[in-house]
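Below: the structure, in structure tokens.
Indexing begins at 1, ligand by ligand and atom by atom, following the structure's order.
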Amino acid sequence: MAKDKRKRSRPDAPVSPGPTEPPATAPMPEGVVIAGKLPLDAGGATHQTVAAGYPTLTTQQGVPIADDQNHLKVGPRGPMLMQDFHFREKIFHFDHERIPERVVHARGYGAHGFFETTASLSKVTRADLFQRVGQRTPVFVRFSTVAGSKGSFDLARDVRGFAVKFYTEEGNWDLVGNNIPVFFIQDAIKFPDIIHSVKPEPDRAFPQAQSAHDNFWDFISLTPESMHMIMWIMSDRAIPRSYRFMEGFGVHTFRFVDARGKSTFVKFHWKPKLGLQSVCWNEAVKINGADPDFHRRDLWNAINAGAFPEWELGVQLFDDAFAERFDFDVLDPTKLIPEEILPVRIVGRLVLNRMPDNFFADTEQVAFCTQNVVPGIDFSDDPLLQGRNFSYLDTQLKRLGSPNFTHLPINAPRCPFAHFQQDGHMATMNPKGRANYEPNSWGPEVGGPREDPQRGYRHFAQETAGPKIAARSDTFGDHYSQARQFYISQEPIEQKHLGDALVFELSKVERPDIRERMVSHLRNIDPGLAGNVATGLGIRLPPAMKALRKPIELPTSDALSIVRRGPGRFEGRKLGVLVTDGASAATVNALQSAVLEAGGMVEIIAPKISGAMLDDDTLLPAQQKIDGGPSVLYDAVAIVVSEEGASLLQKDAPTKDFISDAFAHCKFIGYVAAAQPLLERAGIADSLDEGCIALADEDVGSFIARLGELRLWSREPGVDADA
Ligand code: HDE
């Protein structure tokens, strides 16, 4: 019997990966013969029986299987027999394939990589991973959306999770962050309410993965502490172009603790090496239809192409004196500390370089817990963080069904570990020997592990006292100042998008009083914004909401704008080139080499997936057929068609949309002279601007030179009539 390569000797032993990609063409695999006298049996089923090099198909018990096409019955047309253990085992296992999806952050995608320390933090923390420059720590990162179910689409307007598990030499540290540095609520007791409000409404079970509905805005408009977060979530940050182009934040204030037990407050930041980038809302809506897995595919393709995404880890460090004099309470998770006040110090880099072999094993089963900290890292009293420290462990038990979820390879520490916890469902790491308690007198050989007062984790010995009360600190009471600071720090085009998003969302709200209540809040943030949104909703300006604490005027912060921090280069981005038979090979080749040179990618879109025969008689294979590759999937587009090709496509609606959408989404468009009829049909021939650049033969330089700007935002007022 051939040895089953995928069979595991121990449940925790890694499964050897199967092939990840099918071959370009898939003939009948070599070495597989068709069983029996006929390739198909009477019912039409194809039998592929074992041959040299292939493992034998078995049951979970290891029993070889003779027939996997038909269950056991009385005669070919008779009733089924219960004794068919293979059938019953197969269906039983299938019926139990799903585990409960995460209540929040259900849809996610993860990758393996490493964290490398680039600046030692040994003066402020004893955390082993931050001691030595060049030290590498393995990591697993899971990105996610919050509101949608596991099968929802990637481009929902939503916060993105940015959860990092560091497998350090002194245990696992989980930094479970988001791509937005603040949160909706201040106290964990409100978490079920905010999440219930954003999830599908309970009577109708829709809308899915959307905040544009009454329940969400009802809760928000009654929860002024959410206003700062609302500014972020209505901004383009909530529709990132790629996981690779977004920031990450630890959100809460944490503590570093040094070897002598001294504490320094810290806030964590992830900064993408390729810069920030988002899509437009109209684009997001269309991407969700064209490719609901847009972010997954992007990460998968980048990593498998060797273009490993990278982030810098930055820290904002501060002491009690800073916390005292800062305008806001550093324990309030609805506030951030502007980088202009407290610079972000870069101390390391995160590189993602390997996709999991199996999505379920790693991405689905990974169990992040905020309370997973290592010596040298501790919590602050942020009431949201304190509540999270209860929630995550509880969640993992429900989801993974056993306290032994740490035995799963993705969750197990990679450093030595030893304890007396034992048994339970699915225990796969079972200790040997007699001692399962301590203190014991069995001696070092079999007596098991002992405490380590030097290396062991010690909680920061914070002095604390006070009455037991369920109350909110007065220092958490200013809900509008930082919301305004965010808004005024945006470029005008970003402010417009934010206003448009509010109008869009509130226009989906059925109850006028909820819409009005929101505009009342906006009046405390920015009168211009409130006015635009009221106009967009077609209502009169309601009075301003009464503020708990009078807002203060804060300076702008450049770090809050995406556009101001644009990458200025095309690296990591994708050009879509629409070609037809007879298109100029010189132009296509010049575009391809210039984009590759700039670190970007090119995808070819053609009327047929087999590709296009260029004017030098070479066949250029396509990656997309035109209606499967709309321009929303690309950062810029080029239309390189022949005259015959253009006349063939002139009546083609997807081609028209390809061009008109690229224009409406302010993308740079390169085009050859033969594309003129297509530009006319798309309705843009008379509006060509500096973002529409003519290409001729190898002359593609002026087009390529503009690509790093990513969008020609000055075009937007002419193509979008909103707020
Ligand atoms: Fe979470 N959160 N959360 N959260 N959260 C979960 O844990 C919770 C909060 C975040 O990729 C759950 O394993 C409470 C803030 C991420 O697997 C659950 C509160 C931030 C992920 C949970 C918060 C986050 C989760 C659901 C308020 C940003 C996905 C499944 C006190 C700093 C991790 C799970 C992954 C997941 C509870 C607030 C980030 C239910 C009670 C603030 C990235 O335990």
Inset, instruction - Provide, to 0.1 Å, the distance between atom 37 (C) of ligand 1 and the closest protein heavy atom, together with that atom's residue and name. - result: S391 OG, 3.3 Å
Inset, instruction - Check each of R142, R107, R388, K190 against atom 35 (C) of ligand 1 and report the one with the nearest heavy atom. - result: R142
Legend entry - Geometric N/O contact N178 with ligand 1, under 3.5 angstrom: no
Legend entry - P333 near ligand 1 by a heavy-atom separation under 4.0 Å: no
Inset, instruction - Under 4.0 Å, heavy atoms only, figure out whether ligand 1 is touched by the backbone of V176, its side chain, both or neither. - result: both
Legend entry - Ring geometry between F166 and F115 (parallel below 30°, tilted from 30 to 60°, perpendicular above 60°): perpendicular
Legend entry - R160 charged N/C atom sitting above F143 aromatic ring, 6.0 Å / 45°: no
Inset, instruction - Go through the steps for H228 and Y480 under the test side-chain hydrogen bond (donor to acceptor under 3.5 Å, both in side chains), then give the verdict. - result: CA-CA 7 Å; H228 187 194; Y480 299 109; over 6 Å; no
Inset, instruction - Assess R157 against W281: is NZ or CZ under 6.0 Å from the centre of the six-membered ring, and within 45 degrees of the ring's axis? - result: yes
Legend entry - Within reach of ligand 1, part of L384 (heavy-atom separation under 4.0 Å): both
Legend entry - Backbone N/O of V563 and side chain of S561: donor-acceptor pair under 3.5 Å: yes
Legend entry - Y243 ring center within less than 6.0 Å of F294 ring center: no
Legend entry - Option from L522, I180, V182 for which side chain to side chain contact (heavy atoms under 4.5 Å, CB included) with M231 holds: L522
Inset, instruction - Provide the number and element of each atom of ligand 1 under 4.0 Å from a heavy atom of G177. - result: 28 (C), 32 (C), 43 (C)
Inset, instruction - Heavy-atom contacts with F368 under 4.0 Å: which atoms of ligand 1 show up? List them by number with element. - result: 11 (O), 17 (O), 33 (C), 35 (C)
Legend entry - Proximity winner for atom 41 (C) of ligand 1, if only heavy atoms of F268, F191, Y392 are counted: F191
Legend entry - Minimum heavy-atom distance K150-R296, with the two atoms named: O-NH2, 4.3 Å
Legend entry - Among R98, R107, R102, the one residue meeting salt bridge (Lys or Arg N to Asp or Glu O under 4.0 Å) with E364: R102
Inset, instruction - Please confirm whether S144 comes within less than 3.5 Å of ligand 1 when only nitrogen or oxygen atoms on both sides are compared. - result: no
Inset, instruction - Using a strict 4.0 Å cut-off to heavy atoms of G161, name the atoms of ligand 1 that fall inside it. - result: 43 (C)
Legend entry - Near-ring test Y167/W173, centroid separation under 6.0 angstrom: no
Inset, instruction - Name the closest protein heavy atom to atom 34 (C) of ligand 1, giving the residue it belongs to and the distance to 0.1 Å. - result: T395 CG2, 3.4 Å
Inset, instruction - Write out the residue and atom name of the closest protein heavy atom to atom 26 (C) of ligand 1, then the distance separating them to 0.1 Å. - result: V104 CG2, 3.6 Å
Inset, instruction - Starting from atom 10 (C) of ligand 1, locate the nearest protein heavy atom and write down its residue, its atom name and how far away it is, to 0.1 Å. - result: H105 NE2, 3.2 Å
Inset, instruction - Check each heavy atom of F183 against ligand 1 and say whether those closer than 4.0 Å belong to the side chain, the backbone, both or neither. - result: side chain
Legend entry - Test: K267 cationic atom under 6.0 Å from F249 six-membered ring centre, within 45° of axis: no
Legend entry - Atom indices of ligand 1 within 4.0 angstrom of A188 heavy atoms, with elements: 31 (C)
Inset, instruction - Please identify which atoms of ligand 1 are closer than 4.0 Å to at least one heavy atom of Q396. - result: 13 (O), 34 (C)
